[in-house]
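These numbers come from the heavy atoms of this one structure, side chains and all, not from hydrogens, waters or symmetry mates. When a ligand or atom number is given, it counts from 1 through the structure's own listing order.
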Amino acid sequence: MPASLGGVKADMPRAPSFPGLFSFTSLVRACIKGHSSTISQYLDMQILTNPQELAAQCRAWHAQGEDIALVPTMGYYHAGHEDLMVHARGLAKRLVVSLFVNPAQFGPGEDLEAYPRNAERDAAIAESHGADVLFMPEPGSMYAPDHATWVEVPELAKGLCGQSRPIHFRGVCTVVLKLFMLTRADVAVFGQKDWQQQAIIRRMVRDLNVPTRIEARPTVREADGLALSSRNVYMTAAERAQAPEIRAALLYAQKLTQEGETSAALLREAVLRRWAERLPLGRLDYLSIVHPESMAQLNEVNGPALMACAVRMGKARLIDNILLRS
Ligand code: AMP
């Protein structure tokens with residue numbers, strides 16, 4: 001979907017190492033040069049595309065004694081993203097929101113090019129939540145053609161989403177650390193919908209002594225329980241109608257745990273039986289019970305335990321999770 005900002009269509013230069021990507025920079029430049037009247041909406045918020053400009057702005061804020069909160073995103077905002085922004089706005093004097101569909105976290109055949117984009121709407125939302133900067137870099141400015149350095153937390157990334165998306169968390173860690181280095185953010189806010197992601201980032205930050213505090217926010221859901229996701233738009237009406245069953249079955253497993261069931265195998269079976277009946281359009285990617293911090297598989301639920309899943313509904317790959325015991 002070509003992104004548009006203020007009615008200006010994106011031209012599509014190819015990034016050196018990640019061909020086929022749309023450029024947001026040209027949109028923003030066109031907007032700033034006055035091709036669009038919508039820029040007036042963003043007077044209180046800077047749109048930056050250059051990583052060095054972001055770093056300079058953040059250095060200037062820190063020099064003035066102002067602290068910085070960061071919300072990293074891939075855009076196409078929904079109420080889950082908005083919750084992170086609202087929360088982050090209250091944590092520091094300055095709020096940076098990044099919007100970057102990070103090619104390094106998409107494997108071959110994944111939805112990098114199809115990923116939904118709406119830069120104009122996203123900018124309006126970030127501005128409405130008091131962002132001081134919306135950082136929208138081009139892939140080529142984040143990854144040099146000979147980019148060769150990767151950050152990995154393999155122990156936590158090998159299971160769950162990492163099994164079917166083997167390079168995903170390497171891409172996430174690398175871009176998040178780059179954003180931390182550019183902003184020197186005092187605090188960064190992530191969503192618990194991507195539980196494994198926030199667990200991995202917490203471990204990366206601890207292991208590498210990154211001076212950014214990590215906060216995680218509960219999953220924001222539709223009224224019927226479906227976790228909000230930018231990818232929900234991929235679903236057909238029939239798939240969307242069944243999708244709330246993902247959450248319903250996880251709640252059922254939590255109830256069984258509260259009633260005394262401790263066998264991870266039996267809890268999994270109970271969920272899979274329900275899905276066989278009530279989620280016929282779903283294709284299971286994984287359903288796992290793990291320790292919420294170490295991501296290690298559990299056989300028994302007799303301490304902290306997270307049930308996490310990924311289910312494909314047509315073109316959408318949906319993830320969700322629930323704490324069986326905290
Ligand atoms: P994304 O743009 O999908 O990469 O997500 C950016 C941030 O928003 C991540 O920290 C996600 O965990 C978080 N997020 C995505 N969906 C939700 C949701 N439904 N509720 C809360 N946070 C979310």
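- Side-chain heavy-atom separations under 4.5 angstrom define the hydrophobic clusters, and the remaining members of the one that includes L228 are V220.
- Checked against side chain to side chain donor-acceptor pair (under 3.5 Å), R268 has no partners two or more places apart in sequence or in another chain.
- Taking a heavy-atom cut-off of under 4.0 Å, ligand 1 is surrounded by P72, T73, M74, G75, H78, G80, H81, L84, Y115, F190, G191, K193, D194, Q197, P218, T219, V220, L228.
- A cation-pi contact, defined as under 6.0 Å to the ring centre and within 45° of the axis, is absent between R217 and F190.
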Should Q197 and W195 be marked as a side chain to side chain contact (heavy atoms under 4.5 Å, CB included) after you check the CA-CA gap, both sets of side-chain angles, and the distance that decides it?
CA-CA 5 Å; Q197 170 175 281; W195 188 287; over 6 Å; no

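- For the residue pair N118/Y77, the side-chain donor-acceptor check at 3.5 Å is not satisfied.
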Anything under 3.5 Å between a donor and an acceptor, one on a side chain of residues 297-312, the other on a protein residue two or more places apart or in another chain? List them.
{"residue": "E300", "atom": "OE1", "partner": "T262", "partner atom": "OG1", "Å": "2.9"}

